[in-house]
Amino acid sequence: MDLVLTDMVMPEGMTGLELTEQLQAMKPDLKVIISSGYSAEIVQGGVTDQPGIVYLPKPYELETLAKVVRTQLNQRSRM
């Protein structure tokens, strides 16, 4: 797995950031795109300060998603 696309709001009380932290603990070079329609959640969650994580605000166009995915996959690993 090279990239995860997740929403910030997840079922069962888990956030996209918590999911990301768990997955990156197992695979530190994992790239992540977190999307949300609630910008306040992203700022409060500190997502924009995390290495390897990109915030993609909703709504977005398919072309924007494709560009963000390609940019993330082209980034060098943190290791």
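If you're wondering where the values come from, they're calculated on a predicted model, not measured in any experiment. Nothing fancy with the numbering, it's 1 onward along the sequence.
Taking 4.5 Å as the limit, some side-chain heavy atom of L17 sits within range of a side-chain heavy atom of I53. Residues K58 and D7 are in side-chain contact: their nearest non-hydrogen atoms beyond the backbone lie under 4.5 Å apart. Annotation: side chain of K31 is not in contact with side chain of V54 (no heavy-atom distance under 4.5 Å).
Looking at residues two or more places apart in sequence or on another chain, you find a side-chain hydrogen bond (donor to acceptor under 3.5 Å, both in side chains) between N74 and R70. Evaluation of the side-chain hydrogen bond (donor to acceptor under 3.5 Å, both in side chains) rule for K67 yields no partner, not counting sequence neighbours. Not counting sequence neighbours, the partners of E63 by the side chain to side chain contact (heavy atoms under 4.5 Å, CB included) test are E61.
Closest of all the heavy-atom pairs between S36 and Y55 is O-OH, 3.4 Å. The heavy-atom pair separating Q24 from L30 by the smallest distance is NE2-O, 3.0 Å.
Put simply, the residue from V68, V69, I34 that forms a side chain to side chain contact (heavy atoms under 4.5 Å, CB included) with L56 is V68.
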Exercise. Which is it for L23 and V4 under the side-chain contact (heavy atoms from CB on, under 4.5 Å) test, yes or no, and what are the steps along the way?
Worked result: CA-CA 9 Å; L23 292 174; V4 170; 3.8 Å; yes
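For residues 12-23, there are no side chain to side chain donor-acceptor pair (under 3.5 Å) pairs, not counting sequence neighbours.
The structure places CG of L3 at 6.5 Å from CD of Q72, a figure rounded to the nearest 0.5 Å.
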